[in-house]
Student: 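My questions all concern the structure below.
To find a chain, count down the sequence lines: A is the first, B the second, and so on, and within it residues start at 1.
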Protein chains: 2
Amino acid sequence: MERTVDSFVACMDRTDQPSKSQVDFRTSRQGTICISSIEDVRPAAEALRDLARDLGNLRVAACANIASKMAMADADGNALASDVFGWPGSKDQWWKKPLLALSSPLTFACRYESEPFWVNADGIRTRAPNPLLDKIDLSHFHDEVNAASVIVIPVHLPFGQIGVVSFSPIDEGRSDLSREFDAYADVLEYQGRRFINGYSRVTSQRPWIPRNCRLSKREVECLRWAALGKTDVEIAMILNRSCATVRFHIHNAAIKLEAVNRSQTVFKATQLGYLGSVAVAAPGTHATA
Amino acid sequence: MERTVDSFVACMDRTDQPSKSQVDFRTSRQGTICISSIEDVRPAAEALRDLARDLGNLRVAACANIASKMAMADADGNALASDVFGWPGSKDQWWKKPLLALSSPLTFACRYESEPFWVNADGIRTRAPNPLLDKIDLSHFHDEVNAASVIVIPVHLPFGQIGVVSFSPIDEGRSDLSREFDAYADVLEYQGRRFINGYSRVTSQRPWIPRNCRLSKREVECLRWAALGKTDVEIAMILNRSCATVRFHIHNAAIKLEAVNRSQTVFKATQLGYLGSVAVAAPGTHATA
DNA sequence: AAAAAACCTAGCGCTAGTCACAGGTTTTGG
DNA sequence: CCAAAACCTGTGACTAGCGCTAGGTTTTTT
């Protein structure tokens, strides 16, 4: 067990601030944000705002679904960005611009990263190296983010939904958040995640109720290749089966997932994690027969 | 601000055990699992095992990708389930059976839930109600899970990958984990998540490097409907555009995502969260012109 | 041993992918 | 302010690929 502990100590990057972070974590638990109905959204957002302000004079921005242009709102339909988090209403209300969600480097990075990170114009700082983030363009960082630096919490949810909570300094000068990130990333992640989780739960209607989606081995196998863009002729060659067989399996999968065509079948299977991160399954699959 | 605090207190479900959980969280931070290379997997797994044992005499089971039949292993290729977590090698090694991952109710539930929950033969207990989990069949619970009860931590990752860490009592009699869940769910979630995060980072090769995937508004709009199974004729009617225009947009999206056909385009767009949780976008979209 | 799944195959009609073309609208940048 | 560059809209036709039904074989479950 000693060996184990040692290796962890070597990994730790915050041992220099033990007492502070402990207190934060305690605070976080007592103020745990719990959203059980739409009425809880407002107080939960206010608590998140207060937490961010008290911890590091930070301002909150949140998006429950980066694929949606819908701004987050409370039970009365008031936008959280302006009414709670205190973003100036003048500056042409960035959170209403649908283009931003599609082009912001922050949104972009959230697609590829699962852990908290912080960003300024000089680069993206993750806990562990992520080469996928290296090629993100930060040249218009300040214009797109409305801050000189920001701590970002990506929140990956079921059904392929991605949310994000970000924290940027209220006084716009600060471009270094390394200290705040080291000290508060964990608590901000915890609270931000629960906030987005709860908000999604009470707002998004999930109309799709799959009856029996126990896909068989072959069905998933065929769907994997289909998701990679292979035609059924190609899949048939890969799996050493007939073309009709491949179609049959995919068709069966479509019935189980209540999908009407191949695209929707792939979509639903992806949402449910059946095809997750297919890095081209092991070679030699054509030797199964 | 008083109102805020009050509403949270009403939501809190663990105020009866304040001191205990605080200690746990402190412990968790000092023993933070950090996997920066494949060699760290083994000690990280051992630490997770020790944490589970010390907290509640629990045994760990983990899966980094419920879509893959690959068992988690350390740098030398040893299966973590048998070599570290201590699952008996005799009982025909459940973690090697690919069918289980497709049919286990635990795996199933992870597709629909983002927060920790615990299960026994009587039902699934989530923090907040989740109607999607109600219809899951638990009649063969003990056979499929190899335990009378279990705490489950779903881990939703980028690219549509879903992982899971579960904790079940070492002595197989216990079927009630409500106390352990209330006290340790947060720390188990934190540690389990970081473990799966780190493992995925050092093991899974992500060969796909999207060059320019700034999809335009129309492209995403068309892809949404395509993912819902609409044909391009239907999409054209919905958006009040010509059929060829719809094809044009989807084709452009395919080029940006480096996809070769519609299915792969939908797949990649889903992985990147462009279509996340499409609950049929707001009506009236045909009035944009 | 019976039953139920899962698996494999064939052929027909329809959809989607692609090409070449022409022009309007919004954003971006000098 | 103008120009360039994206982005958006539209036409028409051909071919490869997909959706679907029907029926037989193998494997798993009861």
Side-chain angles (χ1 to χ4, degrees), chain A residues 92 97-100 102-103 137 139-140 143-144 212-223 225-267 286 288-289, chain B residues 92 97-100 102-103 137 139-140 143-144 211-223 225-227 229-266 285-286 288-289:
Chain A
D92 55 21
K97 299 172 74 174
L99 309 102
L100 195 69
L102 289 173
S103 63
D137 177 28
S139 52
H140 307 96
D143 293 338
E144 293 171 317
N212 168 29
C213 36
R214 297 205 168 182
L215 300 184
S216 76
K217 190 177 134 194
R218 292 283 180 214
E219 287 158 0
V220 174
E221 199 171 14
C222 291
L223 275 185
W225 291 109
L228 291 174
K230 306 298 179 186
T231 70
D232 40 12
V233 178
E234 292 172 318
I235 300 174
M237 288 192 298
I238 292 169
L239 301 179
N240 209 25
R241 294 286 179 281
S242 101
C243 182
T245 303
V246 174
R247 285 180 199 161
F248 175 80
H249 286 307
I250 294 180
H251 177 68
N252 271 7
I255 292 175
K256 291 183 184 175
L257 294 173
E258 299 176 24
V260 298
N261 61 18
R262 185 167 302 203
S263 294
Q264 195 182 16
T265 308
V266 167
F267 175 60
H286 49 283
T288 43
Chain B
D92 55 22
K97 299 171 75 174
L99 309 102
L100 195 69
L102 290 173
S103 64
D137 177 28
S139 52
H140 307 95
D143 294 338
E144 293 171 316
R211 244 170 298 182
N212 169 29
C213 35
R214 297 205 169 182
L215 300 185
S216 75
K217 191 177 136 194
R218 292 285 179 213
E219 286 158 359
V220 173
E221 198 172 16
C222 291
L223 275 185
W225 291 109
K230 306 297 180 189
T231 68
D232 40 12
V233 179
E234 291 172 317
I235 300 173
M237 289 191 298
I238 292 168
L239 300 180
N240 212 22
R241 295 287 177 280
S242 101
C243 180
T245 302
V246 174
R247 287 182 185 168
F248 174 81
H249 290 307
I250 293 181
H251 180 68
N252 269 9
I255 292 176
K256 290 184 183 175
L257 294 173
E258 300 175 23
V260 299
N261 60 18
R262 185 169 299 206
S263 296
Q264 194 181 15
T265 307
V266 167
T285 35
H286 50 282
T288 44

Student: Distance check needed: D:dT27 P versus A:R218 CZ, whole Å only.
Tutor: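 It works out to 11 Å between those atoms.
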Student: Rounded to whole Å, how long is the line connecting atom CD of A:Q264 with atom P of C:dT15?
Tutor: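 Spelled out: CD on A:Q264 to P on C:dT15 is 17 Å.
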Student: Taking CG from A:L223 and P from C:dC7, how many angstroms apart are they, rounded to a whole number?
Tutor: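 Going from A:L223 (CG) to C:dC7 (P), I get 12 Å.
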Student: Would one find a side-chain N or O of A:R241 under 4.0 angstrom from OP1 or OP2 of C:dC7?
Tutor: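 For A:R241, the contact criterion (side-chain N or O under 4.0 Å from OP1 or OP2 of C:dC7) is not met.
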Student: Does C:dT9 have its OP1 or OP2 closer than 4.0 Å to a side-chain nitrogen or oxygen of A:T245?
Tutor: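 Affirmative; the distance criterion is met.
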Student: The side chain of A:D232 lies closest to which of these nucleotides: D:dC18, D:dC7, D:dT11?
Tutor: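 Side chain of A:D232 sits closest to D:dC18.
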Student: Are OP1 or OP2 of D:dT9 and a side-chain N or O of B:H249 less than 4.0 angstrom apart?
Tutor: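 For D:dT9, OP1 or OP2 has a side-chain N or O of B:H249 closer than 4.0 Å.
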Student: List the atom of A:A259, the atom of A:T265, and the distance in Å for their closest heavy-atom pair.
Tutor: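 In this case the closest contact between A:A259 and A:T265 is CB-OG1, 3.4 Å.
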Student: Looking across every strand, which nucleic acid part, if any, lies under 4.0 Å from A:N261 by heavy atom: base, sugar-phosphate, or nothing?
Tutor: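 Since only primed, P, OP1 and OP2 atoms lie under 4.0 Å of A:N261, the category is sugar-phosphate.
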Student: Does a side-chain N or O of A:R247 approach OP1 or OP2 of D:dG19 to a distance below 4.0 Å, or not?
Tutor: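 A:R247 to D:dG19 OP1/OP2: no side-chain N or O under 4.0 Å.
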Student: Output the distance between atom CZ (B:F248) and atom OG (B:S242), rounded to the nearest 0.5 Å.
Tutor: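 Taking CZ in B:F248 and OG in B:S242, the distance rounds to 11.0 Å.
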Student: Please give me the minimum heavy-atom distance between B:A226 and A:S263, naming the atom from each residue.
Tutor: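 Shortest heavy-atom contact: O-CB, 3.9 Å.
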Student: Looking for any heavy atom pair under 4.0 Å, which part of the strands does B:V260 touch: base, sugar-phosphate only, or nothing?
Tutor: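 Result for B:V260 = sugar-phosphate.
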Student: When the distance from CD1 of B:I235 to C1' of C:dA16 is rounded to whole Å, what number comes out?
Tutor: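 The answer, rounded to whole Å, is 11 Å.
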Student: In whole angstroms, how far is the C1' atom of D:dT9 from the CD atom of B:E221?
Tutor: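 Distance check: B:E221 CD to D:dT9 C1' gives 14 Å.
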Student: Would you tell me if any nitrogen or oxygen in the side chain of B:H251 comes within less than 4.0 Å of OP1 or OP2 on C:dG17?
Tutor: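 Checking B:H251 against C:dG17: no side-chain N or O falls below 4.0 Å of OP1 or OP2.
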Student: Rounded to the nearest Å, what distance is computed from the CZ atom of residue A:F248 to the P atom of nucleotide D:dC18?
Tutor: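 After rounding, the gap between these two atoms is 17 Å.
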Student: To the nearest angstrom, how far is A:E219 atom CD from C:dA5 atom P?
Tutor: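 So the CD-P distance, A:E219 to C:dA5, works out to 13 Å.
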Student: Choosing from D:dG10, D:dG19, D:dC8, which nucleotide comes nearest the side chain of A:R262?
Tutor: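 My answer, after comparing the listed nucleotides, is D:dG19.
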Student: Quick check: do A:T231 and B:V260 have side-chain heavy atoms less than 4.5 Å from each other?
Tutor: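 Sidechains of B:V260 and A:T231: no contact.
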Student: Return the value, rounded to whole Å, for the distance between atom CG of B:L215 and atom P of D:dC8.
Tutor: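 It works out to 10 Å between those atoms.
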Student: Any side-chain N or O of A:S216 below 4.0 angstrom from OP1/OP2 of C:dA5?
Tutor: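 Checking C:dA5 against A:S216, no side-chain N or O comes under 4.0 Å of OP1 or OP2.
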Student: Restricting to non-hydrogen atoms, name the atom on B:L239 and the atom on B:C222 that form the minimum distance, rounded to 0.1 Å.
Tutor: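 Heavy-atom minimum between the residues: CD1-SG, 3.8 Å.
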Student: Can you tell me if B:K217 touches the phosphate of C:dT25, counting only side-chain N or O atoms and a distance under 4.0 Å to OP1 or OP2?
Tutor: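 Checking B:K217 against C:dT25: no side-chain N or O falls below 4.0 Å of OP1 or OP2.
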